[in-house]
Amino acid sequence: MSAALTEALSNFEGFVSGNILIWILLGTGLYLTVRTRAVQLRLFVRALRLVAHSRHQRGSLSSFQAFVIGLGGRVGTGNIAGVALAVTLGGPGALLWMWVVAILGMATSFAESTLAQVFKVRNVDGIFRGGPAYYMQRGIGGGLGRYMGVVFAVMLVFSYGLIFPMVQSNTIALTLREAHGVSTSVTAIVLMALTAPILLAGMRMVAKVTEWLVPLMALAYLVVVLVVIVVSIDRVPGAFMDIFAGAFNLRSGLAGTGGGIFATFLNGTKRGLFSNEAGQGSSPNGAATADVAHPVTQGLIQALGVCVDTILICTATGLTILLSSPAVYTPGVEPQWAETTLVQHALGDAVPGNWVIWFMSFVVLTFAYSSVLGYSAFAEINVSYLGGGQQAGVALRLAMTIATGLGALVTLDLAWVMADVALALMTILNLVAVLWLSGWVVATLRDYDAQMRDGVAEPVFITSGNPLLPGELDGDVWTADRAILRQDSLHEEI
């Protein structure tokens, strides 16, 4: 019975994600790119500058801490195994479609993160709370908005709070067992010992840890890939030619094992969409925690997370595979190794040595562990939305700690498939809300653009009496008094 239900749900999730959700995500990204006048491109340089000056903290979390919490949730083992699978099934051209999806996804991420900021509320602990559940209730309003928010929050707490941490810890346990012979029981105990003190200390501690862990792990991975590129510099032009030729079927022999050009497009877009999580409604929960002067500020910063995840990290994985010798990877030929192991052999092909095994273990461990920390913040915010107080937050953190240990020991196929179904449904629900409230996104961006045209160095958002907004917004977050305090804080920082 359980096996039959698992298979049925898996088939349903595969159909929804592969035949419906992928097109909704692409269409939403394209629509928002047009409506915002390609904000992800025209303000890209400003976004880089904002990230560089985003560590200042006023009361809630800093803009940078909110950014890395979201990035920690985005960057996971899918950036390794998922990309390897996409290149295997879709060929080199799959990377180009990942890039296209990332550009469109940046607009979606900008929109959902801006909405999270606009409709956020201040919690009793001083940290802002916001995200899809909040902008569904406060933005759409009425019984429908409240119902959508509750359904979304329940599905997110179930998937990100309980199941996905098990998936990540299971990946860590299997990697350490296969590479180093570490018992899964030992891994479970160590993971719980590492996770419990951070989660139980609360969201501020999660932010402090991810603030150094996420940049460290990303930089370490990118540096090693840069070494691979330098060692294989003579093959780099050919690899990029294969990417472009394979994307449009311009040359034979570049298709993946999944078939022709459609398989290339499908696998590239799916990996890009589900890797950077734009539109899924998870990262906006982290985005809302930042104390910024204008919602667009954090929207631009969060959009860069998609760029880092896909344009940098996923591309790094893909290039590592494409630059390896034919004995490791040949388009259209089924590799003799599993996805993560394929990347490991590709690294060893360029720079031989036992160091590769240890390095890939480090990558899998840090990528998966940072995801668990990011998930905790997302889940806690939605527990707060559902009315849970401090005790409910503690109960969630304990449950996540236990789930992290349990995931290292067992594989719960049915629970994992149910979480995938919940993720697909909550993504659709979030995209409906983002499109419904896109007028708020455009109006907030116009307010930001207008202030920049007037020479305001750091625009400040005030909702009361703002003629550009589609309606009035209750609450004390974006008032004139708060704006003055934020302006003073910005001047102190400068």
Side-chain angles (χ1 to χ4, degrees), residues 9-10 12-29 32 69-70 73-74 76 78 105 108-109 111-113 115-116 119-120 129-140 144-168 270 273-288 302 305-306 371-372 374-388 396 399-400 403 414-438:
L9 287 174
S10 180
F12 172 74
E13 187 275 331
F15 174 79
V16 171
S17 297
N19 298 282
I20 300 175
L21 186 55
I22 184 176
W23 301 109
I24 298 176
L25 283 164
L26 287 172
T28 301
L32 292 171
I69 285 177
R74 294 183 202 273
T108 305
S109 181
E112 60 183 355
S113 298
L115 287 173
F119 294 103
K120 69 185 180 182
R129 299 288 195 272
Y134 289 84
Y135 56 70
M136 287 172 187
Q137 177 174 339
R138 302 190 68 209
I140 296 175
L144 177 61
R146 173 61 178 169
Y147 176 77
M148 291 174 65
V150 169
V151 171
F152 180 91
V154 169
M155 289 193 294
L156 188 142
V157 172
F158 167 70
S159 54
Y160 281 87
L162 299 175
I163 308 303
F164 290 161
M166 295 177 64
V167 176
Q168 297 292 347
K270 284 178 66 176
L273 289 169
F274 300 135
S275 172
N276 61 52
E277 297 191 1
Q280 290 182 4
S282 53
S283 294
N285 294 281
Q302 296 297 138
V306 176
S371 292
V372 173
Y375 298 162
S376 70
F378 304 160
E380 184 175 340
I381 287 169
N382 283 270
V383 165
S384 294
Y385 172 80
L386 293 170
L396 171 69
M400 289 194 68
L414 178 58
W416 293 4
V417 171
M418 290 175 64
D420 286 338
V421 172
L423 178 61
L425 296 178
M426 62 185 258
T427 302
I428 294 175
L429 199 61
N430 178 55
L431 292 175
V432 169
V434 169
L435 291 173
W436 191 317
L437 299 172
S438 59

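Note that these values count all heavy atoms, side chains included, but never hydrogens, waters or copies made by symmetry.
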Which heavy atom in [X] sits nearest to a heavy atom in [Y], and how many Å separate them?
X: Ala288; Y: Lys120; result: O-CD, 3.4 Å
X: Gly161; Y: Ala379; result: CA-CB, 3.7 Å
X: Gln302; Y: Ser113; result: CB-OG, 3.3 Å
X: Gly286; Y: Ile381; result: N-CD1, 4.4 Å
X: Gly281; Y: Pro132; result: O-CG, 3.3 Å
X: Val306; Y: Ala278; result: CG2-CB, 4.1 Å

Can you find a heavy atom in the side chain of [X] that is under 4.5 Å from one in the side chain of [Y]?
X: Pro284; Y: Leu115; result: no
X: Leu21; Y: Leu431; result: yes
X: Thr108; Y: Leu25; result: no
X: Val157; Y: Leu162; result: no
X: Met136; Y: Phe152; result: yes
X: Leu425; Y: Val421; result: yes

To the nearest 0.5 Å, what is the distance between [atom1] on [X] and [atom2] on [Y]?
X: Ser282; Y: Glu112; atom1: OG; atom2: CD; result: 7.0 Å
X: Phe378; Y: Tyr160; atom1: CZ; atom2: OH; result: 7.0 Å
X: Phe164; Y: Ser371; atom1: CZ; atom2: OG; result: 11.0 Å

Ignoring hydrogens and angles, state whether a donor on the side chain of Tyr375 or Asn285 is under 3.5 Å from an acceptor on the partner side chain.
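No, because no side-chain N or O of Tyr375 sits under 3.5 Å from a partner of the opposite role on Asn285.
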Donor-acceptor side-chain pairing of Asn430 and Gln280 below 3.5 angstrom
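Side-chain D/A pair, Asn430 to Gln280: absent.
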Qualifying residue, where the test is side chain to side chain contact (heavy atoms under 4.5 Å, CB included) with Ile24 and the options are Leu26, Thr28, Ile22:
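Single pass found, and it is Thr28.
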Is it true that the NZ or CZ of Arg146 lies under 6.0 Å from the centre of Tyr134's six-membered ring and within 45 degrees of the ring axis?
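Not satisfied by the 6.0 Å and 45° rule.
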Any idea how Phe119 and Tyr135 line up, ring-wise: parallel (<30°), tilted (30 to 60°), or perpendicular (>60°)?
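Rings of Phe119 and Tyr135: tilted, 30 to 60°.
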